[in-house]
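Working notes, beginning with the structure itself.
The chains referred to below are lettered A, B, ... by the order of the sequence lines, with proteins before strands, and numbering in each begins at 1.
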Amino acid sequence: MKLYNTLTRTIDEVQPQHQPTVTIYTCGPTVYDYAHVGHWFNYVRMDTLVRTLKATGLQPEWVMNITDVGHLVSDADDGEDKLEKGARREGKTAWEVAEFYAKDFMDGWNQLGNLMPDHIVKATDHIAEQIELVKRLETKGYTYVIDDGVYYDTSKFEGYATFARLDLDDQQAGARVAVNQQKRNPTDFALWKRTPAGQKRDMEWDSPWGKGFPGWHIECSAMSMKYLGDTLDIHTGGIDHIPIHHTNEIAQSEAATGKRFAVMWMHSNHVMVNGDKISKSLGNGIRLQELVEKGFSPQVVRLNVLESHYRSQSQFSWDSLEAAKNRLASLYAMADLQFQAKDSTKPWLLGSTYLDDIRSALQNDLATPQALAVLSALANQSDSQLLHTHEAKHFTELLATVDELLGLNLSTRTDITSEQKQLIAKREQARTTKDWAKSDELRDTLANQGIGVRDTAHGPIWYRQ
RNA sequence: GGCGCCUUGGCGGAGCGGUUACGCAGAAGUCUGCAAAACUUUUUAGACGGGUUCGACUCCCGUAGGUGCCUCCA
């Protein structure tokens, strides 16, 4: 499988260190608020990566973190923890806020049909590991202590700027960040923040540097090393993480271990809403729940995600969601033919290359639009082709494999009831005797149950409306 | 100020130096008891100006517009 690697800026072959295992670390949510469509685009794409790796014969070992502490609103002196801020906003404790939004996130995750990572790890469950890692960095001389905590001296890590291709000198000219005067370099970041004197946080722990909480970046390094070893095969995240979060992860991890932190970096581009970036100030962060309430199932959202490439800046719009809904409906109509297939000696499904084509599209840097084009080609096969399979079960097996790759639930649909089938048969009988009144009445009855019937050369074919 | 990206038909969105992307929507036709569906066809696609080439949407240069990052962010 080939994947665009942010580290090399080329499309590289995925080469796991210990085949068939492939280790993947995904930067997960910070659970201080609801997830919006932009987040879900990101996670569906990560899920598609894992599905494709599986189909390639690899065994993914997948870790995703949940950030429930330490993610600051800004890096300035007065930057506060998002969780603590959320707690004040809602009159709860930071712990309650974290639990609430983590659960909401996992609900959305499951609704979208994303595969479950092997480990979902919380920052607050790994404070000891993070402290250990800071100590290692301290021993190696990469840290310094100032009033508000322990900082990483980025000037000590050679090549700090190379991953993101930053020009640190020129950046300072236009930087709007309020620089902490005690920091040695503008890019230095907190490894451990002390609870300010006289304050009491919901979340704080003892450490060699005083009571406080870990910086945001250290959690990913500590947890990925714990579960997946010093060097990851693939690290994934949003494109916005390249210049700060992932740059810092590399600096601290590689400084601590002396080894490469991740062989490949896969980044998902952002989604725009009506041409605008999704942001709090614009209030355009649409939740999954809102889409569902408007009649778009999570699978419609999923199809909408797959319709664009993960590296392009894609557009979210109600029109394109509507288009995805219609497209999914026609895929489901195709899938429902599995219940109407007539066994025959026509063996086309056995020799078809649809699955191979979908697989190779995905293996080519997750070309999901191409994969869908192949799926549409399958759906555009004539009724005759689709209905007369060698064995009906092969049709279902084909759909099941498509589902393994794309997660669209084509194979998990259920048949209509035998009563409904009888109605269809009766209508067909009425048509044979040219009893149009009766046949139309039966058609209406079926329509009321959400079932449409189309009369074809192969007899009546039902579909769900 | 620095770094980067984009500009494809009504909308969404791909690949590709010469061959139909694909989907959604619209139009016409075929079929049909009527519908629906299906099928067929269809709507001057490649921001603009140059260049390279036998040939460019696809490579190069420039112009215009847009946009992302450098501040938290998927």
Side-chain angles (χ1 to χ4, degrees), chain A residues 26-30 32-33 35-46 71-76 79-80 82 85 161 164-178 186-187 216 236-245 267-272 275-280 285 303-304 306-331 333 361 364 367-377 379-380 382-384 431 434-437 439-440 443-444 447 452-458 460-463 465:
Chain A
T26 292
C27 272
T30 300
Y32 68 103
D33 204 345
H36 57 61
V37 288
H39 298 108
W40 294 126
F41 266 62
N42 179 56
Y43 294 114
V44 166
R45 289 161 168 174
M46 303 317 171
H71 199 157
L72 301 185
V73 172
S74 99
D75 272 341
E80 67 182 317
K82 291 183 173 193
K85 190 181 178 184
R165 317 252 155 129
L166 301 172
D167 185 335
L168 298 178
D169 293 331
D170 282 322
Q171 264 189 27
Q172 294 170 35
R176 281 171 288 160
V177 61
T187 49
W216 174 38
T236 80
I239 195 171
D240 51 287
H241 283 152
I242 296 170
I244 306 275
H245 185 49
H267 288 103
S268 166
N269 207 329
H270 280 339
V271 181
M272 313 293 276
D276 289 317
K277 195 184 160 180
I278 298 175
S279 72
K280 281 264 184 289
L303 183 63
N304 192 208
L306 298 175
E307 282 180 324
S308 68
H309 189 84
Y310 78 94
R311 283 200 284 129
S312 68
Q313 189 175 73
S314 31
Q315 299 293 329
F316 173 85
S317 72
W318 296 104
D319 282 350
S320 80
L321 200 61
E322 191 72 42
K325 183 181 182 178
N326 291 338
R327 183 179 198 168
L328 188 64
S330 89
L331 290 176
N364 181 20
T368 52
Q370 260 82 24
L372 291 182
V374 175
L375 187 55
S376 289
N380 288 339
S382 67
D383 293 334
S384 155
R431 289 184 72 235
K434 296 190 192 295
D435 186 350
W436 309 127
S439 107
D440 287 352
R443 183 164 66 195
D444 289 344
V453 182
R454 55 194 176 95
D455 302 318
T456 76
H458 313 286
I461 294 177
W462 58 263
Y463 59 96
Q465 290 170 323

How close or far is atom [atom2] of [N] from atom [atom1] of [X], stated in whole angstroms?
| X | N | atom1 | atom2 | value |
| --- | --- | --- | --- | --- |
| A/N269 | B/G4 | CG | C1' | 11 Å |
| A/D440 | B/U32 | CG | C1' | 13 Å |
| A/R311 | B/C6 | CZ | C1' | 14 Å |
| A/D455 | B/C31 | CG | C1' | 12 Å |
| A/I461 | B/A38 | CD1 | P | 11 Å |
| A/D240 | B/C5 | CG | P | 18 Å |
| A/L331 | B/A38 | CG | C1' | 16 Å |

Under 4.0 angstrom, heavy atoms only, what part of the nucleic acid is [X] near: base, sugar-phosphate, or nothing?
| X | result |
| --- | --- |
| A/W40 | nothing |
| A/H245 | nothing |
| A/G237 | sugar-phosphate |
| A/R431 | base |

Residue set satisfying side chain to side chain contact (heavy atoms under 4.5 Å, CB included) with A/N42, at least two apart, ordered chain then number -> A/M46, A/S268
Under the side chain to side chain contact (heavy atoms under 4.5 Å, CB included) test, which residues partner A/A379, sequence neighbours left out? A/L331, A/M334
Looking only at the side chain of [X] (C-beta and beyond, no hydrogens), which of the listed nucleotides [options] gets closest?
| X | options | result |
| --- | --- | --- |
| A/N42 | B/A74, B/G68, B/G33 | B/A74 |
| A/Y463 | B/A36, B/G33, B/U67 | B/A36 |
| A/R454 | B/A38, B/A74, B/C72 | B/A38 |

Which parts of nucleotides 12-25 of chain B does protein reach within less than 4.0 Å, heavy atoms only, written one letter per nucleotide 5' to 3' as B for base, S for sugar-phosphate only and - for none? SSSS-----BSSSS
Just how far is it from atom CZ of A/R454 to atom OH of A/Y463, taken to the nearest 0.5 Å? 8.0 Å
What is the distance from atom CG of A/L321 to atom CG of A/N304, rounded to the nearest 0.5 Å? 5.0 Å
Identify, with sequence neighbours excluded, every residue that meets side chain to side chain donor-acceptor pair (under 3.5 Å) alongside [X].
| X | result |
| --- | --- |
| A/R443 | A/D440 |
| A/T456 | none |
| A/D240 | A/H270 |

Using the [atom1] atom as the reference point in each nucleotide, state the distance between [N] and [M] in Å, no decimals.
| N | M | atom1 | value |
| --- | --- | --- | --- |
| B/C31 | B/A36 | C1' | 12 Å |
| B/G62 | B/G46 | P | 23 Å |
| B/A64 | B/C48 | C1' | 7 Å |
| B/U42 | B/G9 | C1' | 13 Å |
| B/U52 | B/C57 | P | 16 Å |
| B/G55 | B/U19 | C1' | 13 Å |

When you compare the side chains of A/R45 and A/T236, does any donor N or O come within less than 3.5 Å of an acceptor on the partner? no
Tell me every residue that passes ring-ring contact (aromatic ring centres under 6.0 Å, His included) with A/H245, counting only those two or more places apart in sequence or in another chain. A/W216, A/H217, A/H241
On a plain distance test, is the side chain of A/R443 in donor-acceptor contact with the base of B/C34 below 3.5 Å? yes
Can you list the stems that RNA chain B is part of, where a stem is at least 3 pairs in a row, each Watson-Crick or G-U, with both distances below 3.5 Å? B:1-7 with B:64-70, B:10-12 with B:22-24, B:26-30 with B:38-42, B:47-51 with B:59-63
What pairs of residues pass the salt bridge (charged side-chain N to carboxylate O under 4.0 Å, His left out) test when at least one of them lies in residues 308-322 of chain A, not counting sequence neighbours? A/R311-A/D365
